[in-house]
Amino acid sequence: QVHLAESGGGLVQAGGSRRLSCSASGRSFAAYAMAWFRQPPGKEREFVAGFSRTGGYTYYADSVKGRFTISRDNAKNTMFLQMNDLKPEDTAVYYCAFDRGVITSSLRLPNSYGYWGQGTQVTVSS
């Protein structure tokens, strides 16, 4: 049974930083595509950042490019999202997701992923 668990959310002031973690158990994610999504209040879930299946390429939403950095530690089955220069519009529940069969063209689509964490709330105050 695959289980993903996010941590690191909380309340932060605008301009501040936060580091999210996603730990996976039940399966090694070394050969899986992995991504962070977020769901702002009252809005659809949206792609934030992700790794290709090989882990060799990273992708970012335009809204976070230059501020957020995705990384992974395959040995620890953990993925991270370093968020800097946070803005009130970054307020959302952040989710990690992974799956084996995600092709690059589908990396940004929530429906491409079969495994999700429970989410962690990030609130950015102005």
Side-chain angles (χ1 to χ4, degrees):
Q1 187 73 15
V2 175
H3 180 68
L4 300 178
E6 302 95 339
S7 61
L11 177 64
V12 60
Q13 288 189 329
S17 298
R18 203 80 184 180
R19 189 193 197 205
L20 304 183
S21 299
C22 172
S23 297
S25 60
R27 191 166 298 175
S28 170
F29 61 47
Y32 284 64
M34 298 200 69
W36 288 96
F37 287 81
R38 67 186 182 186
Q39 189 161 13
K43 296 185 178 180
E44 299 283 320
R45 194 168 297 190
E46 62 185 25
F47 173 80
V48 175
F51 281 102
S52 61
R53 279 181 298 179
T54 63
Y57 295 95
T58 55
Y59 302 86
Y60 293 92
D62 288 343
S63 59
V64 307
K65 203 171 291 184
R67 300 188 297 123
F68 290 11
T69 302
I70 190 173
S71 61
R72 63 198 284 177
D73 184 337
N74 286 345
K76 296 182 179 180
N77 258 15
T78 304
M79 178 174 67
F80 305 96
L81 184 68
Q82 177 66 43
M83 306 184 294
N84 297 329
D85 190 23
L86 282 161
K87 303 176 180 181
E89 51 263 42
D90 294 318
T91 294
V93 179
Y94 284 72
Y95 299 89
C96 61
F98 87 149
D99 216 314
R100 190 179 187 95
V102 183
I103 59 176
T104 301
S105 60
S106 300
L107 195 76
R108 299 169 186 262
L109 304 177
N111 289 343
S112 300
Y113 298 85
Y115 302 104
W116 291 85
Q118 82 287 351
T120 186
Q121 175 72 45
V122 175
T123 302
V124 184
S125 63
S126 57

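Taken from OG1 in T104 to CZ in F51, the straight-line distance is 13.5 Å, to the nearest 0.5 Å. Separation of atoms CE (M79) and CZ (F98) is listed at 9.5 Å; rounding is to 0.5 Å. Taking OH of Y60 as the start and CH2 of W36 as the end, the distance is 12.5 Å to the nearest 0.5 Å.
For residues 27-69, the set of pairs meeting the disulfide bond (SG atoms under 2.5 Å apart) definition, not counting sequence neighbours, is empty. Sorted by first and then second residue, the disulfide bond (SG atoms under 2.5 Å apart) pairs with a member in residues 6-98 read C22-C96; sequence neighbours excluded.
Of all the heavy atoms in V48 and V64, the pair that sits closest is O-CG2, 3.5 Å. A49 and L81 make their closest contact through CB-CD1, 4.3 Å (heavy atoms, listed as atom of the first residue, atom of the second, distance). Smallest separation of non-hydrogen atoms from T78 and S21: CG2-CB, 4.4 Å. Nearest heavy atom pair, residue A33 against residue V102, reads CB-CB, 3.7 Å. Residue S125 comes nearest to L11 through the heavy atom pair CB-CD1, 4.3 Å, listed as atom of the first residue, atom of the second, then distance. The minimum heavy-atom distance linking Y32 with R72 is given by the pair O-NH2, 3.5 Å.
In the hydrophobic cluster analysis, where Ile, Leu, Val, Met, Phe, Trp and Tyr join through side-chain heavy atoms closer than 4.5 angstrom, F47 is grouped apart from L4. Linking Ile, Leu, Val, Met, Phe, Trp and Tyr residues whenever their side-chain heavy atoms come within less than 4.5 Å places Y95 and Y59 in a single cluster.
A search for salt bridge (charged side-chain N to carboxylate O under 4.0 Å, His left out) contacts involving E46 returns R38, not counting sequence neighbours. For R19, the salt bridge (charged side-chain N to carboxylate O under 4.0 Å, His left out) criterion is met by no residue, not counting sequence neighbours. Contacts of K76 classified as salt bridge (charged side-chain N to carboxylate O under 4.0 Å, His left out), with partners at least two apart in sequence or in another chain: none.
Residues V124 and E89 have side chains not in contact (no heavy-atom distance under 4.5 Å, counting atoms from C-beta outward). For the pair D73/F80, a side-chain contact is recorded, criterion being any heavy-atom separation below 4.5 Å from C-beta on.
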key: Chi angles and distances behind the side-chain contact (heavy atoms from CB on, under 4.5 Å) call for R53, I103   = CA-CA 8 Å; R53 279 181 298 179; I103 59 176; 4.3 Å; yes
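Listed for the S52 side chain is a donor-acceptor partner under 3.5 Å among the backbone atoms of Y57. R67 contributes a side-chain N or O that, together with a main-chain N or O of D85, makes up a donor-acceptor pair within less than 3.5 Å.
Taking the charged nitrogens against the carboxylate oxygens, R18 and D90 have no contact shorter than 4.0 Å, which rules out a salt bridge.
In this pair, Y94 and F68 present their aromatic rings tilted. The plane angle is within the 30 to 60° band.
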Side-chain donor/acceptor pairs under 3.5 Å, residues 109-118, sequence neighbours excluded:
from : atom 1 : to   : atom 2 : distance (Å)
S112 : OG     : S106 : O      : 2.8
S112 : OG     : L109 : O      : 3.3
Y113 : OH     : L107 : O      : 2.7
Y115 : OH     : R27  : NH1    : 3.2
W116 : NE1    : Y113 : O      : 3.1
Q118 : NE2    : E6   : O      : 3.3

